[in-house]
Engineer: 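Shown below is the structure under consideration.
No hydrogens, no waters, no symmetry mates; every other heavy atom, side chains included, goes into these values. All of these numbers come straight from a predicted model, not from anything done at the bench. Whatever order the structure lists ligands and atoms in, that order sets their numbers, starting from 1.
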Amino acid sequence: MRMSRLLAPTLREVPAEAEIASHQLMLRAGLIRKSAAGVYTYLPLGQRVLKKIMGIIRDEMNAVGGQEVLLPILQPAELWHETGRWDDYGEEMFKLKDRNDRGFCLGPTHEEITTALVRNEVRSYRQLPLFLYQIQNKYRDEIRPRFGVMRGREFIMKDLYSFDRDEEHLDQSYWIMYHAYERIFSRCGLHTRPVEADPGAIGGNMTHEFMALAEAGEAEIVYCSHCDYAANVEKAECFTPSVEPADRLEPLTSVSTPGARTVDDLERFFQRPASDMIKTLIYRSGDIVVAALVRGDHVVNPTKLARAIGSLEVELADEQTIEKVTGAPRGFAGPVGLKHCRIIADPAVMTVQNGISGGNAADVHIKGINPGRDFTPEQVVDIRMAQPGDACLCGEGILQGARGIEVGQVFKLGTKYSQALGATFADEEGQELPLIMGCYGIGVSRTMAAVVEQCHDDDGICWPISLAPYQVCIVPVNYRKNEQQATAERLYHDLCAAGVEVVLDDRDERPGVKFKDADLIGFPIRITIGPRALANGQAEVRWRTTGEEYLISLNEVVTHVQERITRSIEDVELACRH
Ligand code: ATP
Ligand code: MG
């Protein structure tokens, strides 16, 4: 490709709307352009990177027996009614009507469609396991589309659905996919960490998210300093150490605390640490109102709380509900004497002695609270966010914190969808049983953004060679000079013929402009044709990521570049097979 022909509109300025590096660089390098909030066009360079990611995914999915299909984006409402998700999916689903007033949605995911296909086409255990996948656009009306293609409303996903005869085979399928995901992300040059996660609304009982580690990541994870435990904080568990009993249990005492509502306020007022407070937050889920109790230095985990009460979601109660159950405005709830709602306490709360909490009256707190003596929760269960510094359940390590971008997720679904849609198979005895399912997604467009987030420097993107839109950029310092032009053209021709993906910067621009663009776009190898080296029959080779730079004879440059590209791709592939 000739740079003069390439539609790669690079930008010098950082676009104001882009907050994080990957979004800024993808715009600046001319990979993407915005069409609407969360909706993007991929320009030629962006599309080339996407195709490389898809190529790696296809390779690995096919290698484990995945069969590629293409499912409809436009999906009939009836199927979603059958599983109950037409209503459950909520505002994120794009719903529409056809001219005859029949309901459709733009697929946010494809469990329904795939299960309905398999219900009609698969009969016997002999056809199992079955792995069907596709790479296609998904539509989700995200509340906060942001960070460019990282959180889009239209985005590209690879989704695979596995169908097995029993739990044991599902377990095998699950780990086959898990390991395939590890290979996919390493081949994309991404540093990822699989973490345990909460299955949430999709159902099922086991799931891992693949997190590309990055400061800009929206997900918080913790991992143990000693064992391999790693989890999304929504799911993470930790160890609650026991405490020595206090010498003296104080009596309950009401204290007037005008204006003090937060844990910070109370720390100052009582001159006691946050770990002596019992934070009482009122949540609701439908008609259920629940007081969630955590220690003052801990944070309620709404996902765990929802699980504890058997709901999908909980939200903080409004002022009116709080007043109704506690008799006080927000900020003064406490477990002592609380009668009009359920009380769920985190285990760490039960270790508080002579604690402090709200008095269920305006401007009143109570001190000298001893759980068990002064109140008895209905349930004592882990409802808090694990946080860095907590002890790991292994007993040896301390949890460390990190941020990540969720680039993929694998789920054991079980029979939730096969049962709802009646997708069964006949076993050896001819008995009809529901298919046991798993589902496995990769955000293809998000993976591209995650790679840019991990692989860039002040000058631009540093593509791993496996994903680079072109592997080499030839830069003649002055294209108007006959000798440079002739050499560059010859080299361009020879590299193309050798199967190397190459761009020739044949523009009539100053060398500085060409170098800047090459660095911004992030071609892994730049070959400069300049007068001095040329006089010695040489060209200058420079590697974008390492900055390695050397002169090489023009006779050897093609073989050299070709060999190093092949070797570096092979090295990664080999490494991830071990
Ligand atoms: P998130 O928690 O980030 O909203 P999710 O858990 O809802 O994602 P899944 O249903 O697990 O997403 O989808 C599979 C993969 O698709 C995700 O791991 C992610 O890489 C990608 N993905 C999900 N939502 C988006 C989005 N709005 N934009 C781009 N990629 C997305
Ligand atoms: Mg997910």
Engineer: Tell me which pairs pass salt bridge (Lys or Arg N to Asp or Glu O under 4.0 Å) where either residue lies in residues 171-189, with sequence neighbours left out.
Structural biologist: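 Matches after skipping sequence neighbours: Asp59-Arg187, Glu60-Arg183, Glu60-Arg187, Asp171-Lys412, Arg187-Glu573.
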Engineer: Identify which of Glu209, Arg140, Met157, Lys138 has a heavy atom lying nearest to atom 5 (P) of ligand 1.
Structural biologist: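 Ranked by closest heavy atom to atom 5 (P) of ligand 1, first place is Arg140.
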Engineer: Any atoms of ligand 1 less than 4.0 Å from a non-hydrogen atom of Gly152? List them with their elements.
Structural biologist: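 Within the 4.0 Å cut-off of Gly152, ligand 1 contributes 26 (C), 27 (N), 28 (N), 29 (C).
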Engineer: side-chain hydrogen bond (donor to acceptor under 3.5 Å, both in side chains) with Arg151: which residues, sequence neighbours excluded?
Structural biologist: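 side-chain hydrogen bond (donor to acceptor under 3.5 Å, both in side chains) list for Arg151, sorted by chain: Glu142, Glu218.
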Engineer: With sequence neighbours excluded, tell me which residues meet ring-ring contact (aromatic ring centres under 6.0 Å, His included) with Tyr178.
Structural biologist: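 For Tyr178 the ring-ring contact (aromatic ring centres under 6.0 Å, His included) partners, ignoring immediate neighbours, are Trp175, His208, Phe210.
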Engineer: With backbone taken as N, CA, C and O and side chain as the heavy atoms from C-beta onward, which portion of Arg446 lies under 4.0 Å from ligand 1: side chain, backbone, both, or neither?
Structural biologist: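 It is the side chain that touches ligand 1; the backbone stays farther off.
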Engineer: Taking NZ, NE, NH1 and NH2 as the nitrogens, is one of them in Glu13 or Arg28 under 4.0 Å from a carboxylate oxygen of the other?
Structural biologist: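 Answer for the salt bridge query: no.
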Engineer: Hey, does Gly443 come in under 3.5 Å of ligand 1, counting only N/O atoms on both sides?
Structural biologist: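 Yes.
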Engineer: Please state which option from Tyr139, Phe155, Phe411 has its nearest heavy atom closest to atom 26 (C) of ligand 1.
Structural biologist: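 Minimum heavy-atom distance to atom 26 (C) of ligand 1 goes to Phe155.
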Engineer: At less than 4.0 angstrom from any non-hydrogen atom of Val407, what atoms of ligand 1 do you find?
Structural biologist: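 With Val407 as reference, the close atoms of ligand 1 come out as 18 (O), 20 (O).
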Engineer: Give the atoms of ligand 1, by number and element, whose distance to some non-hydrogen atom of Glu142 is under 4.0 Å.
Structural biologist: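 Per the distance check, 24 (N), 26 (C), 27 (N).
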Engineer: Within a radius below 2.8 Å of the Mg ion (ligand 2), how many protein N, O or S atoms are present?
Structural biologist: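 Total protein N/O/S atoms under 2.8 Å from the Mg ion (ligand 2): 2.
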Engineer: If we set the cut-off at 4.0 Å for heavy atoms, which region of Val149 has an atom near ligand 1: side chain, backbone, both, or neither?
Structural biologist: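 The answer is the backbone.
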